[in-house]
Amino acid sequence: MSRLKEFSLLIFFLIYGSGLWAQCCTSGNPFISDAEQPALQSRILTASLTYRYSHSGPYYIGDAHFTELPFQEVAFSNYMELQVGYGATNWLTVLTELGYSINKSLVTPGVDSYKGYGLGDAALYLKFNAYSNSKLRLTISPTIGVKFPVGVFDQEVDNVQLPISVQPSSGAFRYLATIFVSKGFGKTAIAGFASYEYSQLIQSDNFYYKYGDQWIGAIYFNYRPWKSLILDFQLRNEFRGKSSRENNEIVDASGYDVVYFTPQVTYAFKHNWYLSAFGDIPLYKYYNGIQMTFGYAIAFRLTKKIDFMAIQARARARKSNQPKMEE
Amino acid sequence: MSKIYFVLILLAVSLLACSKKKDSTPSADIKIISLTTSVNPVKVFDTAVITMEAVGDNLLYTWKANHGKLKGSGKIVKYSACYSCIGLNTITCTLSNSTGAVSDTVMIRVLNE
């Protein structure tokens, strides 16, 4: 019963929490950069809620600050994401996620700001436990997935359509393939993550636009000083190719190559509750043409893990320990 | 647990099935006189003022741009574009009332310099 209470509490937090914060500045869900996890074991469920604030500001030309603009434009977003994962078998984990932009704003001094909000994209991933050796503490988990543009696109304010950069949904189906490799050594672990994303044409009568392909490569250093405290340090390279528009015209001022440093701290509470805080700090930025660039992001994630196998085992043990009723 | 996933998939399919379609019945009672822009081409981050002149009762003006940013409402809006919108862009204005809807477009070229 206490498990049910905990799960109800999480659902309550998910529902009412979404009203507390609201969503930056590429359309669709941002990449949530917390440390990737291997596939779950059979009959383990994880549910997590992430809040992320991101700030974009300076314009760049290549890898240099572009200072010739007569104004300072900034963009910021408050975003939430619900993710549920379930170990269907020991070799397959099903993950679903749904994004919500509380606000996604573009602010130019002296001009009314643009603000989009609403449901973003949903995603479905299948993560495979391709190789797992507990003795060597080595796991390899490939994943395939699809992002669905279920949310708000073509959003209007006063019957005037908002620019694409503040639309909550990406408006396009996107297909992903990733691989995660982790190796443990004593209190530490080293992990690597690589991801490729292909985007379809935006599904809109008004836009003809295709995002460039995205490649992500990351390396994590994981350290567990105490049982309840986990530290992660991540170096990540995100590369996005140039977008294309009508007549397959390439958008020169699109696509980028950014190297991030992402520190993360996770605290494990009792009853399998976890709270993580992490941030994205760009170490190197290269943007094609002249573009507004990413500034920083901070995020918090609350996770609840439920092991149905363990619950069942405890229930069985309790039953067998009960004295038999005399007839 | 399979029930939970069934509900999640059902929810996803329902969301995918929901799409907002506006009434686009052509109207003979709405007459577009002109749809004009103050400048064309326009430089990156400069502003063009776009004006729709039309005849009709209780007209609702709806504006869309395939690339770039629109600001304002009613018969006059301002258009500006950043570097990623360089090229020939389309701005569409749809006029609607209880009799139906009529649309017109204006093409604006956004230049680097």
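The sequence lines fix the lettering, A, B, ..., with proteins before strands; numbering per chain opens at 1.
- Using a 4.5 Å cut-off between heavy atoms, A:L162 does not touch chain B at all.
- Between A:Y86 and A:F308, the angle of the ring planes goes over 60°, which puts this pair in the perpendicular group of the 30/60° scheme.
- In this structure, no portion of B:C93 lies under 4.5 Å from any heavy atom of chain A.
- For A:Q72, the CD atom is loosely surrounded, since the number of other residues' heavy atoms within 6.0 Å does not exceed 12.
- Your options are B:L70, B:T90, B:L88, and the one with the most heavy-atom pairs under 4.5 Å with chain A is B:L70.
- Contacts between residues 102-112 of chain B and chain A, defined by a heavy-atom separation under 4.5 Å, are made by no residue at all.
- In this structure, B:K71 satisfies the cation-pi test against A:Y114, with its NZ or CZ atom closer than 6.0 Å to the six-membered ring centre and inside 45 degrees of the ring normal.
- Contact of A:V160 with chain B is made through backbone and side chain together, with heavy-atom distances under 4.5 Å.
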Step by step, would you call A:K305 with A:I44 a side chain to side chain contact (heavy atoms under 4.5 Å, CB included)? CA-CA 7 Å; A:K305 186 171 156 186; A:I44 287 182; 3.9 Å; yes
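- Taking A:R245, A:Q291, A:E246 one by one and counting their heavy-atom pairs under 4.5 Å with chain B, the maximum is reached by A:R245.
- In summary, the side chains of A:R174 and A:Q214 do not present any donor paired with an acceptor at a separation below 3.5 Å, with no hydrogens or angles considered.
- Contacts between A:D252 and chain B at a heavy-atom distance below 4.5 Å are absent for every atom of the residue.
- No side-chain N or O of B:S34 forms a donor-acceptor pair with one of B:E53 less than 3.5 Å apart.
- When heavy atoms are compared at a cutoff of 4.5 Å, A:Y287 does not approach chain B at all.
- Using bins of under 30°, 30° to 60° and over 60° for the plane-to-plane angle, the ring pair A:F128/A:W91 lands in the parallel bin.
- With a threshold of 4.5 angstrom between heavy atoms, B:I86 approaches chain A through N, CA, C or O but not through any side-chain atom.
- Ring pair A:F173/A:Y175 is parallel by interplanar angle, where below 30° counts as parallel and above 60° as perpendicular.
- More than 12 heavy atoms of other residues, nucleotides or ligands sit less than 6.0 Å from atom NZ of A:K242.
- By the neighbour-count criterion of 12 heavy atoms within 6.0 Å, atom NZ of B:K78 is sparsely surrounded, having that number or fewer from other residues, nucleotides or ligands.
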